[in-house]
Structures are given as C-alpha cells and as structure tokens.
Amino acid sequence: MDLTTKQTILIVLLVSPLLLIQGAWMFKDAKKRGDKYYWIWGIFGILNIPSNLLIYLIVTRIIQKEEK
Amino acid sequence: MKDKDEVRILESLIDEFYKENSEPLNNEIKNNPEYIKQKENLNKVSKKLDILNEDIYHLDIDILGIIEKGEEIKNAKKSKIEFALFIFTSLIILFIYFLMGLIFGARLLVISQFIFLSLAPWLIIPISILKRKGSAS
C-alpha cells in the first residue's frame, strides 16, 4: 500500500491530536495514581492508539489493582 | 518661676488622673488654663489607649491550613509547568516520527506501528506481573 505525500500528511494531521490527547491523559492519570514512571507512560501513549491505552489500562486497573 | 508652676501643675494633674493625690486640688490650680489644656490632652490620649483594654486574643487563625494551602498552590504551579514540558516533548517526538515517515515513506510508519502493536503487550504486561509478584513476596 503506497500512500502519496498528501495522503500521509492528511493521516498525520488526523492522528496527531488523538495521540497527543491519549498521551496527555495517560501522563496525568499515572501521575495522579502516584506512579513514578508517569513520564514513560505519557511518551508510551503518544506512540500508538488505541493499543497502548489498552495496555496501560490492563496494567494499572487490573494488574496493579490486584497488587494492592 | 513659671517653669516651677508648670511642673507643679503637671504633677498635680498626674496625681489627680491616677487618683494618687493625698489632698484635694486647690481652685487656683484647677482654674489654671495650662492645667485645663493638659487635662484635655490627657483625656484624649486615655481614650485612644482604651483600645488596648479590648481582648484581641480571641482571633482564630488556622496557621497549618494556610501553610497547606500555600504548598498546594506551589505544587499546582509546578504540575502545570511539568505538563507543558511534557506536551512540548511530545510534539517534538511526534514531529520527528512523522518527518521520518515523510522522508522514508509511509511504509516506515506502518512497520513501526506493527512492531509497537505486536511487541509492547508481550513486554509490558509480563514485566508488570513479575513486578507485582516480586513486591508480593
């Protein structure tokens, strides 16, 4: 699948705000929960949508909840 | 002589004000203009100083609350700056990532996303579980 430059730019403009919002939410949520790696979660959140968010929710809401 | 009279009048006035005079004042002193003037001044000062007789120790100041509020404001400001720094860093990372996509083609974006999608769950979730087991033991 070869995309033209115009199509690539369009995808970038559509996806970037979503990635930024996801990353920002994960950053704030991890900080609020007292996680010391909140910066890493934030950067992780801007790399992929929505699988990275799902991974974050599994780790924080299921795995870490069981730990507590 | 005049000075001695003034001193005598003032001493009499002070004795009378603090009710320490052993004998009543004579009319000559009482009708003296200097005596009347100084007596008025003394009464004015006394009225102004009456405010000190009021109880001012009933003030209820929550010092700990004020300190905690100050700490909250300081932390909120620090959080805002940190968040702004995170957004700036994210924009730079995204810019570099998409610039590389434009230079090397969309194929690079697709491959990198596939790597994130396939490797990230297999790395992060087991590490979290191991960490949980480690802290539990």
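Because the structure is a prediction, the values reported are computed rather than measured. Values reported hereafter were calculated over all heavy atoms of this structure, with side chains retained and with hydrogens, waters and symmetry mates removed. All chains are named by letter (A, B, ...) in the order of the sequence lines, taking the proteins before the strands, and each is independently numbered beginning at 1.
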| task | With a 4.5 Å heavy-atom cut-off (strictly below), which parts of residues 85-97 of chain B touch chain A? List them by number. | result | B:Leu85, B:Phe86, B:Ile87, B:Thr89, B:Ser90, B:Leu91, B:Ile93, B:Leu94
| request: Treating Ile, Leu, Val, Met, Phe, Trp and Tyr as nodes and any side-chain heavy-atom pair under 4.5 angstrom as an edge, say whether A:Tyr37 and B:Ile127 lie in one connected cluster. | output: no
| task | For atom CD1 of B:Ile63, decide whether the heavy atoms of other residues, nucleotides or ligands shown that lie under 6.0 angstrom number more than 12. | result | no
| query | In terms of hydrophobic clustering (I, L, V, M, F, W, Y; side-chain heavy atoms under 4.5 Å; direct or indirect links), are B:Met100 and B:Ile103 co-clustered? | reply | yes
| query | Can you tell if the side chain of B:Phe116 reaches within under 4.5 Å of the side chain of A:Ser51, non-hydrogen atoms only? | reply | no
| message | With clusters defined by side-chain heavy atoms of hydrophobic residues (ILVMFWY) lying less than 4.5 Å apart, directly or transitively, does B:Tyr18 cluster with B:Leu13? | response | yes
Which pairs would a plain distance check flag for residues 69-80 of chain B, meaning a side-chain donor or acceptor within less than 3.5 Å of a matching protein atom at least two apart in sequence or in another chain?
unit_1	atom_1	unit_2	atom_2	d
B:Asn75	ND2	B:Glu71	O	3.4
B:Ser79	OG	A:Lys31	NZ	3.3
B:Ser79	OG	B:Asn75	O	3.2

| remark: So CH2 of A:Trp39 and CD of B:Glu82: to nearest 0.5 Å the spacing works out to 6.5 Å
| query | Is B:Phe114 linked to A:Val15 within one hydrophobic cluster, defined over Ile, Leu, Val, Met, Phe, Trp and Tyr using a side-chain heavy-atom separation of less than 4.5 Å? | reply | no
| request: Assess whether side-chain contact (heavy atoms from CB on, under 4.5 Å) is satisfied between B:Phe98 and A:Leu19, documenting all intermediate values. | output: CA-CA 12 Å; B:Phe98 290 124; A:Leu19 288 172; 4.0 Å; yes
| field | From CD1 (B:Ile129) to CD1 (A:Ile63), nearest 0.5 Å | value | 4.5 Å
| said: Taking A:Ile46 as the starting point, is it possible to reach A:Leu18 by hopping between hydrophobic residues whose side chains are less than 4.5 Å apart? | reply: yes
| request: Kindly compute the distance separating CD1 (B:Ile115) from CG (A:Leu47), expressed to the nearest 0.5 Å. | output: 12.0 Å
| field | A:Tyr56 versus chain B, the contacting section by heavy-atom distance below 4.5 Å | value | neither
| request: Taking side-chain contact (heavy atoms from CB on, under 4.5 Å) as the test, write out the residues that go with A:Leu57, two or more places apart. | output: A:Trp25, A:Leu53, A:Arg61
| said: Applying a heavy-atom distance below 4.5 Å, give me the residues of residues 36-47 of chain B that approach chain A, sorted by number. | reply: none
| For the residue pair A:Ile55 and B:Ala120, what are the closest heavy atoms and their distance? | CD1-CB, 3.8 Å
| request: Name the option with the most non-hydrogen atom pairs under 4.5 Å to chain B; the candidates are A:Gly23, A:Gly45, A:Ser16, A:Ala24. | output: A:Ala24
| task | With rounding to the nearest 0.5 Å, note down the distance linking CD1 in A:Ile11 to CG in B:Leu109. | result | 8.5 Å
| note | In terms of heavy-atom pairs under 4.5 Å with chain A, the winner among B:Pro121, B:Ser112, B:Gly101 is B:Pro121
